[in-house]
Every structure is written in structure tokens, then in C-alpha cells.
Amino acid sequence: MQAIKHHTRIVGSSLIYNYVLSFSSFVAFLASSHVNKKAQPDYRNPLLLSDAKKKVAEMSGRDVADVRVVISPYRICPLGAHIDHQGGTVLAMTVNKGIILAFVPSCDRQVVLRSGQFAGDVKFRVDEEQLPRSSMPVKEKNSGWGCYARGALYALQKTGHKLNEGIIGFISGSDGLDSSGLSSSAAVGIAYLVALESANNLCVSPSENIELDKLIENAYLGLRNGILDQSAILLSKYGYLTLMDCKTKKHTFVSSSMLNGAKSSERANKYKILLAFSGAKHCLKDNPGYNCRIDDVQVKTILGLYGSFIMLVKKGFVSTLYIDTWIVTVGAESVDPRLCEVGPSIYEAYKHKLKENLAKRAEHYFSENKRVHEGVKAWASGNLVEFGKLISASGLSSIQNYECGCEPMIQLYEILLRTPGVFGARFSGAGFRGCCLAFVDANQAEVATAFIQREYSKTQPELARQVPGGRVALLCEAGDSARVI
């Protein structure tokens with residue numbers, strides 16, 4: 001596709017590309033520090049859970065029966081790409097891969113953690129005041145792999161929760177799935193929150209934990225993340241899509257006619273979730289990073305609205321999720337600075353006044369919102385063919401209008417579109433690295449994985465070899481929400 005290749009060159013400009021990838025590298029380090037490269041955790045796999053429990057029993061000197069386990073799944077977002085920050089609506093679900101954290105209450109204020117990947121224990125106390133990373137000396141920022149655990153304590157402290165007990169725990173994640181656009185960092189943060197809450201008998205709702213995990217990422221780590229990832233991980237329900245209104249923060253579950261009366265094994269026979277890995281991982285250590293700002297970049301497009309004005313101002317965050325963010329001001333009165341405040345009819349009436357780049361971003365936002373609502377109807381009626389077409393259209397708009405993606409990821413997306421049995425595909429995440437997601441006919445799932453393996457290995461042989469285990473495509477099933485089991 002010439003149009004796709006054209007936009008690849010645009011996105012590949014050094015300014016945007018480097019800023020985005022440096023943040024990706026930072027999150028990759030934070031999240032991957034918890035991943036056990038030798039395991040493929042699935043919370044329905046009793047052998048993996050048993051192994052994690054035994055490790056904690058050995059660490060703590062306690063009985064295996066005393067060990068609790070938090071499962072915190074990874075998430076996918078079939079529709080609603082790049083619009084959660086603008087107050088749009090999104091469709092999400094979890095998969096049966098993710099983080100497992102086995103733990104026991106420590107019976108004192110000490111926290112002792114061990115990772116399946118990184119050597120050494122992380123130790124701190126729950127009565128130690130945690131400060132944001134921006135306030136730490138450089139040496140402390142770069143020490144250890146326990147920043148998300150400390151961030152969970154920080155969030156609980158900031159919201160007035162008193163902790164009297166620490167935890168002794170062992171954490172691991174699904175092999176090779178960190179840094180893949182599946183929100184492994186949010187899954188890690190949530191796992192620590194749920195474990196600390198369980199150990200201290202705190203009753204915290206999923207909605208509260210969404211805000212607590214946002215505190216970890218925004219206030220403690222200094223990242224500019226929204227609430228999509230946390231919401232999907234904490235609210236999802238097996239076999240359903242979770243429809244989230246990111247403006248009101250309300251959610252509903254979308255059932256499907258193909259699931260009515262079906263047992264879980266029959267549901268799995270309808271479709272599989274396929275993850276296709278690009279092998280693209282980047283480390284640009286000298287780059288200023290995700291939250292770096294481009295000063296004085298504004299687009300002065302003024303739209304008339306009921307005698308007032310709406311000014312769409314390009315704020316200038318350059319990042320995986322914040323490429324071309326907007327501030328909205330009505331007259332002299334400041335309102336919520338997001339595109340959700342601009343109605344579709346106003347957009348249609350005045351979109352011709354927008355400059356080219358802004359027009360593309362706005363077109364993606366409004367068209368993606370429409371695809372989400374059409375996707376709800378398709379899923380509810382059991383029409384996987386139509387649902388898949390909408391997913392693929394979302395992927396194309398992300399490339400052409402949102403101008404995200406890199407060459408290997410776009411090539412992988414194109415391979416998925418011509419893969420036998422694939423209903424639809426798009427990037428999982430921003431598309432600068434990681435994986436693509438697809439819904440595939442369960443009866444053709446194995447054929448599809450072999451096709452993708454072969455075609456991508458021909459297109460990007462070096463990157464295909466860098467995928468953990470050389471496995472380009474992985475089949476998954478729908479998951480459930482994060483919880484203690």
C-alpha cells in the first residue's frame with residue numbers, strides 16, 4: 001500500500017520517532033523487570049501457580065497453603081485506538097496471559113520481593129514515606145527493579161490508606177509479552193496494589209484502584225498515561241467486551257449472541273485472539289523522553305460555536321499516546337481540554353478549516369468513535385466478520401490519520417490482513433514496536449499462525465529472529481479481571 005508506506009516515512013521523522021521510542025524503552029525496562037523469561041504464566045495453569053507458591057513458601061518459611069496469588073492480565077483494545085485521552089469511547093478485553101504475584105503478608109512492615117528475571121531482592125518498609133521519582137537523586141532512580149511496588153505504596157499513602165503489613169512475594173509475567181503494547185506496566189502496578197490491599201485487609205473498589213494505578217504512573221513515575229489500561233485490567237469480564245466512556249469514566253459489558261448459552265469451551269471455538277510480534281524494541285538512552293515538550297507549537301484554528309469560539313490548540317506533547325493533543329477553550333471560560341467537548345455536527349461543519357495534520361487527527365478521533373459504536377452492534381449480534389472489518393479500518397486510520405507505526409509493524413499489519421482466517425487486525429499500542437492483535441477464526445487459527453510466521457520471517461528475517469523463542473504469532477483466549485485467587 002503506497003499510502004501506508006508514505007505515512008511510514010512521515011512517522012519516521014527523527015523528532016517524533018525518537019521521543020516516542022525513548023519512553024517505550026523506559027516502560028520496557030520497568031515492566032520487563034518483572035517478567036520470568038522461562039515461563040508462560042496463565043492463571044488457569046495450576047502448575048505455574050503452584051511453582052510460584054512454592055517459591056514464596058521457601059522465601060517466607062510459611063506453608064504453601066498460606067500463599068495467596070494475584071493474577072493481573074494483559075489487555076487488548078480491539079477498537080478505540082488513541083482516543084481515550086480525548087474522552088472517547090473504547091472497547092477493551094483482557095487475555096489469558098499476564099502477571100502473577102504470589103505473596104504472603106509479612107507479619108511486620110517489611111516488603112521483600114523477588115523477580116523471575118532480575119537478580120536480587122527488593123526490600124523496603126510500608127512505613128517509609130515514598131517520594132515521586134522526580135524528587136529522587138539520580139542514583140536512587142536507577143537502583144533496583146522495584147519501582148512499581150514502591151509506586152503502589154506511594155499511591156496508597158497519598159490517598160490516606162494506612163498499611164501495617166508488608167508482603168513477601170514472587171512476581172513473574174508471561175514470557176516475551178512485556179513491551180508489546182499489552183499494558184504489562186499497568187498489570188504490574190495493579191498486582192502490587194491488590195497484594196498490599198489484601199495483606200492489610202483493605203476494601204478497595206476497582207474504580208478506586210484505577211485511580212490508584214493512575215497515581216503510580218502519573219504522580220510517582222511521571223508518565224502521562226490515561227485510564228484505559230487500568231480500567232480494562234480491573235473491569236473486564238470473561239467473554240465480554242468492556243465498553244468504556246473515557247469522558248464519564250462509566251463502563252458497560254457487551255455480550256454477544258454467539259455466546260448465549262455456550263459453555264466456555266464452546267466460546268473458545270468461535271474465535272481466538274492472535275498476537276503477532278514484530279521483534280522491534282528500541283533503546284535510545286540519550287533521548288529526553290516521553291514527556292518532553294515542544295514549546296510554542298500552537299495551531300490557531302478558530303471555530304464559531306453559538307456566538308463563542310472553540311480554539312483547538314496543539315499542546316505539543318510528543319509521545320506514544322500524546323501525539324497531537326488538544327486544548328479546548330470556549331470563549332473566556334475554560335472547559336475540559338479534550339475533543340469529546342466538540343460535537344460531531346460541529347466537527348463536520350468546521351473541519352474544512354483545520355490544517356492538514358490537525359484535520360487528520362480529528363478525523364481519526366471522530367471516525368474511531370463511530371467505529372466503536374458500530375463494533376458494539378457487530379459484537380452483540382455475533383458478526384465477527386463485520387467486527388473484524390472495523391478493527392482493520394481502525395488500524396488503517398491509525399496509520400494514515402494518526403500517523404503512527406513503524407515499517408516493521410506496518411508490514412506485520414499488512415501480513416495479518418491477508419492471513420487466512422483473520423477477521424481483522426490492528427496495532428496493539430502505538431505501533432512503534434511490540435505486536436499487532438487480530439481476531440481469527442478458531443478453526444483456522446493454527447494455519448494462520450504458520451502463515452504469519454513464514455511471511456514475516458521472509459519480510460523481516462532479523463527482527464523475526466529477535467522475537468523470544470522465534471515465535472512470531474501466539475494464540476490467546478479471552479481473560480478475566482485482576483483479582484486474588
Answer yes if the ring centres of H364 and F366 are under 6.0 angstrom apart, and no otherwise. no
Using the ring-ring contact (aromatic ring centres under 6.0 Å, His included) rule, take W379 and F253 through it: C-alpha gap first, then chi angles, then the decisive distance, then the call. CA-CA 11 Å; W379 180 265; F253 296 115; over 10 Å; no
Tell me the closest heavy-atom pair linking R75 and S428, and the distance in Å. NH1-OG, 4.3 Å
Looking only at atom types and distance, does a side-chain atom of S381 sit under 3.5 Å from a main-chain N or O of K377, one as donor and one as acceptor? yes
Could you check whether any side-chain heavy atom of E403 comes within less than 4.5 Å of a side-chain heavy atom of N357, counting everything from C-beta outward? yes
Please report the closest heavy-atom contact between V472 and A464, naming both atoms and the distance. CG2-CB, 4.2 Å
Could you walk me through whether M244 and S231 satisfy the side chain to side chain contact (heavy atoms under 4.5 Å, CB included) test, starting with their C-alpha distance in whole Å, then the side-chain angles of each, then the deciding distance to 0.1 Å, before giving a yes or no? CA-CA 8 Å; M244 289 181 286; S231 299; 3.0 Å; yes
Side chain of Q86, backbone of L339: donor and acceptor closer than 3.5 Å? yes
From L215 atom CG to Q230 atom CD, the distance as rounded to the nearest 0.5 Å: 10.0 Å
Between R483 and I71, is a side chain to side chain contact (heavy atoms under 4.5 Å, CB included) present by the stated rule, with each step listed? CA-CA 6 Å; R483 63 197 186 278; I71 60 97; 3.1 Å; yes
Hydrogens and angles aside, do S278 and Q460 bring a side-chain donor and acceptor to less than 3.5 Å of each other? no
Is the F439-F423 ring centre distance short of 6.0 angstrom? no
Does one side chain, of N209 or E197, offer a donor that lies under 3.5 Å from an acceptor on the other? yes
Is any side-chain heavy atom of L91 less than 4.5 Å from a side-chain heavy atom of V376? yes
Out of curiosity, S115 OG to W145 CH2, how far, rounded to the nearest 0.5 Å? 5.0 Å
Give, for atom OG of S481 and atom CD1 of I233, the distance between the pair rounded to the nearest 0.5 Å. 10.5 Å
If I compare all heavy atoms of L235 with all of P206, which pair ends up nearest, and what's the gap? CD2-CB, 3.8 Å
Starting at CZ of F427, measure out to SG of C435 and round the result to the nearest 0.5 Å. 11.0 Å
Heavy-atom distance under 4.5 Å between the side chains of I190 and L234, does that happen here? yes
For the CD atom of E374 and the CG atom of N383, what is their distance to the nearest 0.5 Å? 12.0 Å
Donor-acceptor check, side chain of T459 to backbone of E455, threshold 3.5 angstrom: yes or no? yes
Would you call F387 and L79 a side-chain contact if the rule is heavy atoms closer than 4.5 Å? yes
Checking side chain to side chain contact (heavy atoms under 4.5 Å, CB included) for the pair D51/L48: CA distance, chi angles, key distance, verdict? CA-CA 5 Å; D51 182 61; L48 292 174; 5.7 Å; no
Ignoring hydrogens and geometry, is there a side-chain-to-backbone donor-acceptor pair from Y148 to A191 under 3.5 Å? no
Tell me whether S392 contacts the main-chain N or O of K389 through its side chain, where contact means a donor paired with an acceptor under 3.5 Å. no
Test: E356 and K360 ion pair at under 4.0 Å: yes
K53 vs V69 side-chain heavy atoms within contact, under 4.5 Å: yes
Without swapping roles, check the side chain of S457 against the backbone of R454 for a donor-acceptor pair under 3.5 Å. no
Between CG of L196 and CD1 of I167, what distance do you get to the nearest 0.5 Å? 4.5 Å
R68 side chain to A195 backbone, donor-acceptor under 3.5 Å: no
What is the minimum heavy-atom distance between S397 and S367, and which atoms define it? OG-OG, 3.9 Å
Can you confirm whether Y350 sits close enough to V342 that some side-chain heavy atom of one is under 4.5 Å from a side-chain heavy atom of the other? no
Whether the D245 and T89 side chains hold a donor-acceptor pair (N or O, under 3.5 Å, no angle test) is what I'd like checked. no
With sequence neighbours left out, write down each residue that passes salt bridge (charged side-chain N to carboxylate O under 4.0 Å, His left out) with R426, or none if nothing qualifies. none
For Y402 and E368, run side-chain hydrogen bond (donor to acceptor under 3.5 Å, both in side chains): C-alpha distance rounded to whole Å, both residues' side-chain angles, the deciding distance at 0.1 Å, then the answer. CA-CA 11 Å; Y402 206 69; E368 187 71 357; over 6 Å; no
Please confirm whether the backbone N or O of E208 pairs with a side-chain atom of S205, one donor and one acceptor, at under 3.5 Å? yes
Do S345 and E348 pair up side chain to side chain, a donor and an acceptor below 3.5 Å, judged on atom types alone? no
Any side-chain heavy-atom pair from V440 and L475 closer than 4.5 angstrom? yes
If you take all heavy atoms of I410 and G405, which pair is closest and at what distance? CD1-C, 4.3 Å
Whether the side chain of N401 engages the backbone of E363 through a donor-acceptor N/O pair (distance < 3.5 Å, no angle test) should be reported. no
Are the side chains of I452 and L416 in contact, using a 4.5 Å heavy-atom criterion? yes
Report the C-alpha distance between I399 and Y413 in whole Å, list the side-chain angles of each, state the deciding distance to 0.1 Å, and finish with yes or no for side chain to side chain contact (heavy atoms under 4.5 Å, CB included). CA-CA 10 Å; I399 296 167; Y413 164 75; 3.8 Å; yes
Closest approach of Y456 to P408 (non-hydrogen atoms, all atoms of both residues): OH-CB, 3.6 Å
